Every structure is written in structure tokens, then in C-alpha cells.
Amino acid sequence: MPYTPELVDEMNLLVKFPMHSDREGLKVHHDATPTVIAAARRLFEKGLVTDEDGGYLTYSGHQAVEHAKSALRILTGKVEVA
């Protein structure tokens with residue numbers, strides 16, 4: 001299954017979530033681009049985040065972010081410090 005533009009939007013949003021704390025989340029504001037707003041809504045519908053506008057990662061969301069960040073590091077050859 002190839003990556004669709006919608007999946008890429010979701011992955012781009014997922015990798016912005018902080019992984020070091022369960023008390024930190026992400027808020028997608030109403031003036032964000034329509035693609036980001038739609039991606040946040042889809043992540044909520046998939047059970048990866050707690051709110052339609054982002055919120056906090058669920059357990060499944062944490063797993064998805066770990067894998068997305070790992071794939072990004074491998075494909076870009078960059079090591080994330082933080």
C-alpha cells in the first residue's frame with residue numbers, strides 16, 4: 001500500500017508530538033491549514049490522539065509516533081538528539 005497524501009499529512013503531524021512526557025500535547029488551531037486540521041481529525045478518529053484538534057497521544061498514538069520517527073530517522077539519515 002503506497003503512502004497517500006493524507007497519510008503523509010498524518011505522519012507529519014504525528015512526528016510533531018512530544019514523546020518525552022504524557023503531560024504535553026499538541027493543539028491544532030482553527031487557523032491552521034485545512035490539511036493539518038483534517039489530519040488531526042483523522043488521527044482522532046483512528047484513536048491515536050485524544051481530541052479532534054490534537055490533544056494528547058493515546059497509547060496507540062505513542063506507538064505510531066515511535067515508528068514514524070524511527071522511519072524518518074532511517075530515511076533521512078539524521079539522528080534526533082531530543
Side-chain angles (χ1 to χ4, degrees):
M1 167 192 241
Y3 289 109
T4 64
E6 291 81 13
L7 286 174
V8 172
D9 292 338
E10 292 169 24
M11 289 177 40
N12 281 332
L13 184 55
L14 275 175
V15 298
K16 292 180 182 179
F17 275 86
M19 288 292 298
H20 59 276
S21 173
D22 288 338
R23 297 176 189 247
E24 290 184 49
L26 194 79
K27 168 81 170 165
V28 175
H29 294 276
H30 69 280
D31 58 348
T33 65
T35 56
V36 171
I37 292 170
R41 187 171 297 118
R42 288 191 303 275
L43 292 175
F44 173 72
E45 291 168 357
K46 293 176 180 181
L48 299 177
V49 296
T50 59
D51 296 306
E52 284 190 8
D53 62 353
Y56 301 97
L57 292 169
T58 63
Y59 177 76
S60 295
H62 274 281
Q63 291 181 317
V65 170
E66 286 178 21
H67 291 295
K69 286 186 176 187
S70 181
L72 190 59
R73 279 191 300 273
I74 291 166
L75 293 171
T76 62
K78 296 181 181 181
V79 176
E80 187 176 306
V81 178

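Owing to the predicted nature of the structure, the values given are computational and were not obtained by experimental measurement.
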| query | Within the side chain of Arg42, is there an N or O that forms a donor-acceptor pair under 3.5 Å with the backbone of Glu6? | reply | yes
What's the shortest heavy-atom distance between [X] and [Y], and which atoms?
X     : Y     : result
His67 : Gln63 : CD2-O, 2.9 Å
Val15 : Lys69 : O-CE, 3.2 Å
Leu14 : Ala64 : CD1-CB, 4.0 Å
Ala40 : Val28 : CB-CG2, 3.8 Å
Pro18 : Gly25 : CD-O, 4.0 Å

Quiz item: Counting heavy atoms not belonging to Lys16, are there more than 12 under 6.0 Å from its NZ?
Solution: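 Open.
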CG (Leu43) and CG (Asp51) are apart, to the nearest 0.5 Å, by 12.0 Å
Point to revise | Separation between CG of Asn12 and OG1 of Thr35, rounded to the nearest 0.5 Å | key: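 If we round to the nearest 0.5 Å, Asn12:CG and Thr35:OG1 are 9.0 Å apart.
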request  = For the residue pair Thr58 and Ser60, confirm or rule out a side-chain donor-acceptor distance under 3.5 Å.
outcome  =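 Ser60 and Thr58 do not have a side-chain donor-acceptor pair below 3.5 Å.
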Flag side-chain contact, heavy atom, 4.5 Å: Val49 against Leu26: no
_Are the side chains of Leu72 and Met11 in contact, using a 4.5 Å heavy-atom criterion?_
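No, every pair of side-chain atoms sits at 4.5 Å or beyond.
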Decide whether [X] and [Y] are clustered together by the hydrophobic rule: side chain heavy atoms of Ile, Leu, Val, Met, Phe, Trp, Tyr closer than 4.5 Å, transitively.
X     : Y     : result
Ile37 : Tyr56 : no
Val65 : Val8  : no
Leu48 : Phe44 : yes

